[in-house]
Protein chains: 2
Amino acid sequence: MPKPGVEPVRRKALIDAAIAAIGARGSLDVTMSDIASRAGVSSALAHHYFGAKEELLQATMRRILADLGGDSVKALRKAATPRERLSAIVNVNFSASQFRQEIIQAWLAFYVEAQKSQPLRRLLRVYARRLHANLMSGLVPLMPRAEAERMAEGIAAMIDGLYIRRALRDGLPNPASAAALVEDYVDAKLRRARPAPAND
Amino acid sequence: MPKPGVEPVRRKALIDAAIAAIGARGSLDVTMSDIASRAGVSSALAHHYFGAKEELLQATMRRILADLGGDSVKALRKAATPRERLSAIVNVNFSASQFRQEIIQAWLAFYVEAQKSQPLRRLLRVYARRLHANLMSGLVPLMPRAEAERMAEGIAAMIDGLYIRRALRDGLPNPASAAALVEDYVDAKLRRARPAPAND
DNA sequence: TTTTATTGATTGATCAGTCAATAAATCATC
DNA sequence: GATGATTTATTGACTGATCAATCAATAAAA
């Protein structure tokens, strides 16, 4: 069976399996065996490619982050005005590819794990900073910098909060209304900062 | 040593110890031995009083919930107007007794655990509903019901989000500015719903 | 003497991580 | 284009550690 060159395939399969396992369990409390068998390989092979479990988990988080990052740049490229940039970011976070039960649960689980794991904490910081920067790129042209900073914080918090509530299946049922809630906040705040942008 | 009547003392000590352990670890991944030794007793005694670990954890969550609930009713009693009720609720959530590192981390950890544990999920639902009801009591007099519902969702999400970000030590550094951010959102939305309330 | 409090020792289960063994593909050399 | 060496893939079996949960034993109060 050993056909050289499977490594990238296996790595991807294991990361996918990790996301699935985390989503199914609702926490990072998944065994290597569970992940491996979902990927159709033995746990020994998972260790072979990733070493410690922690590394597989980090790779998984990196992948989720990278997917979100990819979607974000794609969406931002299409945005012409600052206001559109804001919408682009909000919409990406609630898009079908991101706002899925398993991804949401993985986020939540990683947030908790980051309390113990320095590398994971660093990864989440990267995400937080990137989100902040993206939001600022839309906010800064519309209001004074200090106000923009605060508002970026507010938007980010609301997005994170909507994720949590969705994980509990207790918040808004559909992504669209979650996104609309954030947009609503943005509009309410923007209304007094400057004349509203021309579109819409 | 056995002096009858220690049971409530021990139970309280164990719950306190559980909060401390969870806060220190940043997750529910704490051992009974750790909790017990923090309370100055053996792990066997913890099992004696609580049975399974899960029950101790549930009791701990119940306690955190009860404390928040207690603070909330106290704060609401002092609020005269609907707008004051909103501020009261927001302020309680960011008060010194609630917005502490260990409590915040416990919340986060319980959110994750609730994905696996039905009883914990039920407890969190109770909390969510109570928060919602409290917010509605302030919002309904100020705007149409449907709008109030949405706004309650938005406020709750923002509070949860600020908790998360605080857990990562990545969000607002002090409780006051977190609370101010939520108030700001409320004000921005209220400005167009009706004439602003008289206070302030 | 019955009840309540308390623990040390033990058990059983679960898992991460290791390792030696196997096997197929690729390569080197004649 | 056969042959042996090397690399890559893969696993079952094992080890060691950790922990929740149990229990029998002890001791003090009622």
Side-chain angles (χ1 to χ4, degrees), chain A residues 1-22 24-61 109-110 112-113 115-120, chain B residues 1-22 24-61 109-110 112-113 115-120:
Chain A
M1 298 161 182
K3 179 185 294 191
V6 253
E7 172 154 359
V9 180
R10 290 278 178 270
R11 290 187 99 96
K12 181 175 180 332
L14 282 164
I15 290 174
D16 286 341
I19 293 175
I22 293 165
R25 196 102 216 303
S27 88
L28 292 198
D29 205 354
V30 291
T31 67
M32 285 297 262
S33 300
D34 182 13
I35 296 172
S37 73
R38 274 170 196 273
V41 299
S42 72
S43 71
L45 195 66
H47 276 108
H48 174 65
Y49 284 125
F50 286 96
K53 181 185 177 184
E54 213 189 329
E55 270 179 75
L56 171 52
L57 259 19
Q58 284 165 28
T60 304
M61 174 88 267
F110 279 118
V112 171
E113 194 68 12
Q115 309 298 321
K116 302 182 236 169
S117 158
Q118 240 252 292
L120 282 182
Chain B
M1 297 161 182
K3 178 185 295 189
V6 251
E7 172 154 0
V9 181
R10 290 280 178 268
R11 289 187 100 96
K12 182 174 179 332
L14 282 164
I15 291 174
D16 286 342
I19 293 176
I22 293 164
R25 196 101 215 303
S27 88
L28 293 197
D29 205 353
V30 291
T31 68
M32 285 298 262
S33 300
D34 183 12
I35 296 172
S37 73
R38 275 170 195 273
V41 299
S42 72
S43 70
L45 194 67
H47 279 290
H48 175 65
Y49 284 125
F50 286 96
K53 181 185 176 184
E54 212 189 328
E55 272 178 74
L56 171 52
L57 259 19
Q58 284 166 27
T60 304
M61 174 89 267
F110 279 117
V112 170
E113 194 68 12
Q115 309 298 322
K116 303 182 236 168
S117 159
Q118 240 252 291
L120 282 182

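In what follows, chains carry the letters A, B, and so on, assigned in the order in which the sequence lines appear, proteins first and then strands, with residues in each chain numbered from 1.
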Practice problem: Would you check if Phe110(A) and Ile22(A) make a side-chain contact, meaning some heavy-atom pair closer than 4.5 Å? | Solution: yes
Practice problem: Please examine the side chains of Leu56(B) and Met32(B), heavy atoms only from C-beta on, and report whether any two atoms are closer than 4.5 Å. | Solution: yes
Quiz item: For Glu7(A), what residues pass the side chain to side chain donor-acceptor pair (under 3.5 Å) criterion, not counting sequence neighbours?
Solution: Arg11(A)
Self-check item: Which residues share a side chain to side chain donor-acceptor pair (under 3.5 Å) with Arg25(B), sequence neighbours left out
Solution: none
Separation of atom [atom1] in [X] from atom [atom2] in [N], rounded to whole Å:
X	N	atom1	atom2	answer
Phe50(B)	dC19(D)	CZ	P	20 Å
His47(A)	dG17(C)	NE2	C1'	5 Å
Leu45(B)	dA27(D)	CG	P	17 Å
His48(A)	dT8(D)	NE2	P	9 Å

Practice problem: May I ask you to list the residues of residues 24-44 of chain B, by number, that have any heavy atom positioned under 4.0 Å from an atom of DNA chain C? | Solution: Val41(B), Ser42(B), Ala44(B)
Quiz prompt | Test log, rule salt bridge (charged side-chain N to carboxylate O under 4.0 Å, His left out), inputs Asp29(A) and Lys116(B) | solution = CA-CA 10 Å; Asp29(A) 205 354; Lys116(B) 303 182 236 168; 3.4 Å; yes
Quiz item: Do you know which two heavy atoms are closest between Ala39(B) and Ala13(B), and how far apart they sit?
Solution: CB-O, 3.8 Å
Quiz item: Which sits closer to the 5' end of DNA chain C, Glu54(A) or Gly5(B), going by the nucleotide each is nearest to?
Solution: Gly5(B)
Quiz item: End-to-end bend of the helix from dT1(C)-dA30(D) to dC30(C)-dG1(D) (five-pair axes, 10° rounding)?
Solution: 10°
Quiz item: Would you say a side-chain N or O of Arg10(B) is under 4.0 Å from OP1 or OP2 of dT6(C)?
Solution: yes
Practice problem: Give a yes/no answer on whether the side chain of Tyr49(A) brings an N or O atom under 4.0 Å of OP1 or OP2 in dT8(D). | Solution: no
Self-check item: Partner residues of Arg10(A) under the salt bridge (charged side-chain N to carboxylate O under 4.0 Å, His left out) criterion, sequence neighbours left out
Solution: none
Quiz item: Excluding sequence neighbours, so at least two apart, what forms salt bridge (charged side-chain N to carboxylate O under 4.0 Å, His left out) with Glu54(B)?
Solution: none
